[in-house]
There are 2 protein chains.
Amino acid sequence: MSTHNFVRCSNCAVSKFCLPHTLSGEDIGQLEGIVQQKRVLHPGEALYQSGDQFEGLYAISSGSFKSVVIASNGDSQITQFAFPGEILGFDAYHGKSHNTFAEALETSSVCFLPHSQLETLAQKVPALQNQLYNLFSAEIQENNEFLLMMGKRSAEDRLAALLMNVSSRYSQRGYSATHFRLSMSRTDIANYLGLTIETVSRLIRRFQKEALIEVNQRDITITDLVGLSELAGTHCSHVEQPSNAG
Amino acid sequence: MSTHNFVRCSNCAVSKFCLPHTLSGEDIGQLEGIVQQKRVLHPGEALYQSGDQFEGLYAISSGSFKSVVIASNGDSQITQFAFPGEILGFDAYHGKSHNTFAEALETSSVCFLPHSQLETLAQKVPALQNQLYNLFSAEIQENNEFLLMMGKRSAEDRLAALLMNVSSRYSQRGYSATHFRLSMSRTDIANYLGLTIETVSRLIRRFQKEALIEVNQRDITITDLVGLSELAGTHCSHVEQPSNAG
DNA sequence: CGAAGAATTGATTGTTGTCAACACACGTGG
DNA sequence: CCACGTGTGTTGACAACAATCAATTCTTCG
């Protein structure tokens with residue numbers, strides 16, 4: 001129920017992670033013409049439900065979300081955590097209905113991109129069309145990487161990878177790579193990683209004992225970024241590589 | 001090196017599972033203008049490699065493939081098995097390079113859709129554009145379902161789900177839902193399901209003992225489709241539901 | 001202050017992985 | 001036609017990682 005009538009992507013702090021990323025100033029202007037005002041969601045509120053007809057894409061402008069797929073037996077699986085600048089809703093693009101629901105992890109705000117207007121504009125602006133394709137492919141690639149992790153890595157590796165992933169995304173957005181507050185609960189982390197909450201709790205403790213991280217509730221301080229990234233098995237760009245004695 | 005100069009989607013046995021699915025006769029005619037002749041691949045041959053620049057999409061006209069993502073430490077994870085009518089290459093659409101490679105499991109043939117021509121045509125033919133979006137979304141949705149399986153289901157459930165999935169896809173294509181020959185090795189199955197080959201072997205034996213399936217090498221006969229689908233936890237459309245005493 | 005939810009910790013079980021030996025199918029060459 | 005070798009799959013014994021069950025502690029919030 002907030003009431004910004006004009007969204008200004010060009011002023012937005014997260015535009016470089018968002019749809020406008022590859023667009024020219026002029027194209028961004030056109031995009032601003034169709035972006036609807038920010039909507040604020042409170043923790044636990046859903047952006048859309050599983051089964052909802054697709055209406056358009058949501059660009060996260062602040063806060064964070066989880067995407068969750070539900071099995072017929074009631075089991076649920078978090079498929080992604082989403083941060084400012086990232087887009088939600090690709091699972092149902094065009095005629096489909098969502099097979100996930102998206103829920104705010106904290107007080108968050110989103111910009112809405114109505115499907116029909118976005119489609120019309122994408123046909124006129126090739127850079128926007130390309131950017132949409134890029135985001136589609138990126139989502140598929142990330143999913144592939146995540147599958148690799150779920151299929152081949154131990155519980156310890158998976159948790160390390162999640163922490164590094166979150167660290168990397170905070171870092172990209174100008175926040176500290178080594179100190180941040182998790183917006184997701186232990187339960188969410190366990191669900192996302194395909195583990196139990198007890199296992200996650202024990203792993204966090206182990207990481208503390210091994211002096212990889214310090215933990216106070218949801219506050220995380222990474223004290224050994226290199227050690228953690230080695231566990232994670234990913235060479236994250238924001239970590240100084242040992243071989244590179246800067 | 002086969003030499004069909006004109007591909008006739010309208011005559012193709014698998015067109016109803018492929019790109020032309022939602023297109024009118026006239027639109028299919030336009031599509032036929034850009035589809036390149038079939039290419040034949042032998043078992044183990046790759047359609048594209050991980051890291052290759054995107055050139056276009058491949059529509060499987062016969063045979064089957066696996067898509068594989070590789071970790072920096074050499075681990076690999078099969079992310080999908082693909083059958084006739086299905087499209088490979090979406091992970092790199094537009095500017096990206098592939099993060100998977102696609103390899104033929106048996107002697108197979110594909111039609112090639114060059115990126116630039118496909119894009120030009122999609123801009124002129126809205127139904128084609130929409131179909132592309134549908135395939136993108138479908139791939140993301142399938143990935144979400146697969147993630148749910150990997151995160152929440154036991155080894156037994158996963159193997160049952162794979163068998164039901166293969167059964168369902170054969171059935172859709174007019175083959176028997178209960179008797180088929182797997183084109184993938186035990187090793188491939190184990191990798192895909194995030195298990196070891198030994199576990200897969202033992203589970204297959206258990207399914208035989210429980211009279212769910214009969215197995216002779218890669219020949220599978222499903223003797224209890226309902227029982228298997230209950231294990232799989234999916235209500236497959238080609239299974240007579242117990243409640244429906246038709 | 002008390003209640004409910006979230007997280008931690010401990011004890012134990014069990015599913016799946018690991019290591020190792022063996023069986024079987026398939027191809028080649030004698 | 002059979003011996004042989006290789007790759008693929010099977011089976012067994014055992015170990016380990018993570019799940020389950022259960023009890024506590026910590027947090028949050030009315």
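As the structure is a prediction and not an experimental result, all values here were calculated from the model. Per chain, numbering begins at 1; letters A, B, ... match sequence-line order.
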Original post:
For the ring pair Tyr192(B) and Phe146(B), is the centre-to-centre distance below 6.0 Å?
Top reply: yes
Original post:
Base, sugar-phosphate, or nothing for Leu195(A), non-hydrogen atoms under 4.0 angstrom?
Top reply: sugar-phosphate
Subject >> 4.5 Å side-chain heavy-atom contact, Phe90(B) and Phe136(B) >> reply: yes
**OP:** Take the protein atom NZ of Lys209(B) and the nucleotide atom C1' of dT10(D), then report the distance between them rounded to whole Å.
**Re:** 12 Å
**OP:** With a 4.0 angstrom cut-off to heavy atoms of chain A, pull out the first and last contacting nucleotide of DNA chain C, in 5'-to-3' order.
**Re:** dA7(C) to dA11(C)
**OP:** Could you say whether Gln217(A) or Gly194(A) is positioned toward the 5' end of DNA chain D, judged by the nucleotide with the nearest heavy atom to each?
**Re:** Gly194(A)
Original post:
Aromatic ring centroids of Phe54(A) and Tyr48(A) under 6.0 Å?
Top reply: no
Original post:
Considering only heavy atoms, which members of residues 151-163 of chain A lie under 4.0 Å from some atom of DNA chain D?
Top reply: Ser154(A), Ala155(A)
Subject >> Interatomic spacing from CE in Met164(A) to CZ in Arg169(A) - rounded to 0.5 Å >> reply: 13.0 Å
Subject >> Glu210(B) vs Arg205(B), salt bridge (charged side-chain N to carboxylate O under 4.0 Å, His left out): CA-CA, chis, key distance, verdict >> reply: CA-CA 9 Å; Glu210(B) 290 167 356; Arg205(B) 166 140 276 253; over 6 Å; no
Original post:
Which is true for Arg205(B) with a 4.0 Å heavy-atom rule: it touches a base, it touches only sugar-phosphate, or it touches nothing?
Top reply: sugar-phosphate
Original post:
Can a donor-acceptor pair under 3.5 Å be found between the side-chain atoms of Arg202(B) and the base atoms of dG12(D)?
Top reply: yes
Subject >> Test item: Thr178(B) side-chain N/O and Ser176(B) main-chain N/O as donor-acceptor pair under 3.5 Å >> reply: no
Original post:
Within this structure, what is the CG-to-P distance between Leu193(A) and dA19(D), rounded to whole angstrom?
Top reply: 10 Å
Subject >> Whole-Å gap separating C1' (dT10(D)) and CD1 (Ile197(B)) >> reply: 9 Å
Original post:
Would Lys152(B) and Asp75(A) count as a salt bridge (charged side-chain N to carboxylate O under 4.0 Å, His left out) if you check the C-alpha gap in whole Å, the side-chain angles of each, and the deciding distance to 0.1 Å?
Top reply: CA-CA 7 Å; Lys152(B) 294 286 169 294; Asp75(A) 279 353; over 6 Å; no
Original post:
For the pair made of CD in Glu198(B) and C1' in dC14(D), what is the distance, rounded to whole Å?
Top reply: 13 Å
**OP:** Measure the distance from CG on Leu203(A) to C1' on dA19(D) and round it to the nearest whole Å.
**Re:** 13 Å
Subject >> Expected output: side-chain Glu86(A) to main-chain Phe83(A) donor-acceptor under 3.5 Å >> reply: yes
Subject >> Stepwise salt bridge (charged side-chain N to carboxylate O under 4.0 Å, His left out) test for Lys96(A) and Asp91(A) >> reply: CA-CA 8 Å; Lys96(A) 302 235 169 210; Asp91(A) 68 316; over 6 Å; no
